[in-house]
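Heads up, the thing below is written out as structure tokens.
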2 protein chains.
Amino acid sequence: MSATPVWPEELFTDLDRTGPVPLYYQVSSRLEQAIRSGRIPTGARLENEISIGEKLGLSRPTVRRAIQELVDKGLLVRRRGIGTQVVQGQVSRPVELTSLFEDLERTHHEPSTRVLSHEVIPADETIAEKLSVAVGSDVLRIRRLRGTDGSPVAILENYLPLEYTDLTEEDLNAKGLYQLLRARGVTIRIANQSISARRAHADEADLLDTARGGPLLTMERVAFDDSGKAVEFGHHCYRPDLYRFETTLVAK
Amino acid sequence: MSATPVWPEELFTDLDRTGPVPLYYQVSSRLEQAIRSGRIPTGARLENEISIGEKLGLSRPTVRRAIQELVDKGLLVRRRGIGTQVVQGQVSRPVELTSLFEDLERTHHEPSTRVLSHEVIPADETIAEKLSVAVGSDVLRIRRLRGTDGSPVAILENYLPLEYTDLTEEDLNAKGLYQLLRARGVTIRIANQSISARRAHADEADLLDTARGGPLLTMERVAFDDSGKAVEFGHHCYRPDLYRFETTLVAK
DNA sequence: AAGTGGTCTAGACCACCGA
DNA sequence: CGGTGGTCTAGACCACTTT
């Protein structure tokens, strides 16, 4: 099939063996950049793992791990007896564990926020179940309108347990919810999402500047921190002409 | 924090060291079952990797890999200096690389299919780009109505390169597209998906037995095989009251 | 100080593929 | 047959968290 395998060794001349950045990560991130930039072309075959290890002065497991990272991202394909190839076809960014705010920032749009409401309410049955708290216990409810480049994009309704009720409106106007949580030492580790669609209610249509009864893209999410405790339950709706969810799936 | 770590050793008494099933997979799948069934409760702390390895007669890397599988699935959380814990909160199934047909089968619904059209057409610009073929080259276009339990759920429009034009209508009525491709030795490895929403066109509304102009959940997908070649480009729409996409995201 | 997971090494044997 | 990735071993050192 493909004739000579490629390995741009010059990209890996200055690996840092003393710093805190893992070797496999240094290799995989540089390799990823080389692929995304086209420096290594689509369909190219990589050298085998052992020779790469020899050239880089790394053990095979370390090289394997670096390659595996990119296989998991859908950039490379490995086949036993054949070798490792760069996937053909453009690669889209997977849905990551970030907030809409960061999504927009990353794509060079100017995110804006308006806090619509910010109040402590007793948890109803749904909220209590999602957040694993008692029915009737106090939770913080926030509702925000998120926009970009002057257009409203989404209405975000979030519920947080009592311990986060001191998040202020000013905080929320300036930063994304996940950024604020991170700044308080809370790391979101796992999230369960459910994506669907429905008609816009009248107030939602007005806020999003779209037709009443028109289609909205919806996302429900429960997010958990490192220790597995529920941190946030959210119920969001997006203007489908301005937002969509993109994923790369990789079969194992 | 959590007092005594747990390890239900009795679940791992008969590991098969000779068969084709990897040891790490045997361990991780049994562990997964024990967690999903509640045999190991939510929030429980697991024993450390080295003692597990000793008890099972496995090396630490093998045990680590088994655990890592479940971390990636969002069932376990590892923290340095702390240990490994079962995540609290229910875990939903991630979006997997399967077709709608298999999704429905797995959830014990009775999938039905009606092939609406099945024809060879020249590729327009969009299709040609997605499938990496020349504009104007022949591609197979199929349009199917998928239902479950008597209700129409989705309209599936798919485009496949020339080499698959011999897929017949009878095949497609009986099985899912991905099943048919697998039977021909084609494995889908990577897919890029984009999920959004829009209004239903009149013909779609009639087919799906829903309101004209009502909301539809949409998904566009390009799927690639082992070698990275584009195998299928699809444009689907779903009744949002009967279908949604569920995902578990895990931060790395 | 003790215990945990995170990384890394230097081998080994096997299954699968192509020539 | 030789070359490839897939799995597995038995160690090692380190960073981080709790006691």
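Predicted model only: the values in this text are computed from it and were never measured. Here is the naming used below: chain letters follow the sequence lines, and residue numbers restart at 1 for every chain.
Atom CD of A:Q68 and atom OH of A:Y24 lie 12.0 Å apart (nearest 0.5 Å).
Between the C1' atom of D:dC8 and the CG atom of B:L56 lies a distance of 14 Å, rounded to the nearest Å. Rounded to a whole Å, the OH atom of B:Y25 is 24 Å from the P atom of C:dC14. Between A:Q68 atom CD and C:dC8 atom P there is a gap of 15 Å when expressed in whole angstrom units. Atom CZ in B:R80 sits about 16 Å away from atom C1' in C:dA2, given to the nearest Å. Atom CD1 of B:I52 and atom C1' of C:dG5 are 12 Å apart (whole Å). One atom, CZ of B:R64, and another, P of D:dT9, lie 15 Å apart when rounded to the nearest Å. Atom CD of B:E47 is separated from atom P of C:dG5 by 10 Å (rounded to the nearest Å). Counting to the nearest Å, the C1' atom of C:dC13 and the CD1 atom of A:I50 are 12 Å from each other.
Of the candidate nucleotides D:dC8, D:dT4, C:dT4, C:dT4 has the atom lying nearest to any side-chain atom of B:R45. Each of D:dT9, D:dG5, C:dG5 was ranked by its minimum atom distance to the side chain of A:E49; first place goes to D:dG5. Here the nucleotide nearest the side chain of B:I82, chosen from D:dG5, C:dG6, D:dT18, is D:dT18. Listed nucleotides D:dG5, D:dT9, C:dC17 differ in distance to B:L23; the shortest reach to its side chain belongs to D:dT9. Side chain of A:S59, nearest nucleotide from C:dA10, D:dT9, D:dT7: C:dA10. Nearest nucleotide to the A:Y24 side chain, out of D:dG6, C:dT7, D:dC8: C:dT7.
If you check every strand for non-hydrogen atoms under 4.0 Å, B:L58 touches sugar and phosphate atoms only. B:R60 comes within 4.0 angstrom of a base, heavy atoms only. Among the atoms of the strands shown, base atoms are found under 4.0 Å from some heavy atom of B:P61.
For the OP1/OP2 pair of D:dT9 and a distance below 4.0 Å, the side-chain nitrogens and oxygens of B:T62 include at least one atom meeting the criterion. For the OP1/OP2 pair of C:dT9 and a distance below 4.0 Å, the side-chain nitrogens and oxygens of A:R17 include at least one atom meeting the criterion. The side chain of B:R65 places no N or O atom within less than 4.0 Å of a non-bridging phosphate oxygen (OP1 or OP2) of D:dC8. Distances shown here put a side-chain N or O of B:N48 below 4.0 Å from the OP1 or OP2 atom of C:dT4. B:R79 has no side-chain polar atom (N or O) that falls below the 4.0 Å cut-off from OP1 or OP2 of D:dT17.
Counting all heavy atoms, side chain and backbone alike, B:V250 lies closest to B:D72 at CG2-O, 3.4 Å. Listed here is the closest heavy atom pair of A:V231 and A:P161: O-CD, 3.1 Å.
In this structure a side-chain-to-backbone donor-acceptor pair under 3.5 Å is present from A:Q26 to A:D16.
The number of heavy atoms from other shown groups lying within 6.0 Å of CZ (B:R244) does not exceed 12. When the shell of 6.0 Å around CD of A:E163 is examined, it contains more than 12 heavy atoms from other residues, nucleotides or ligands.
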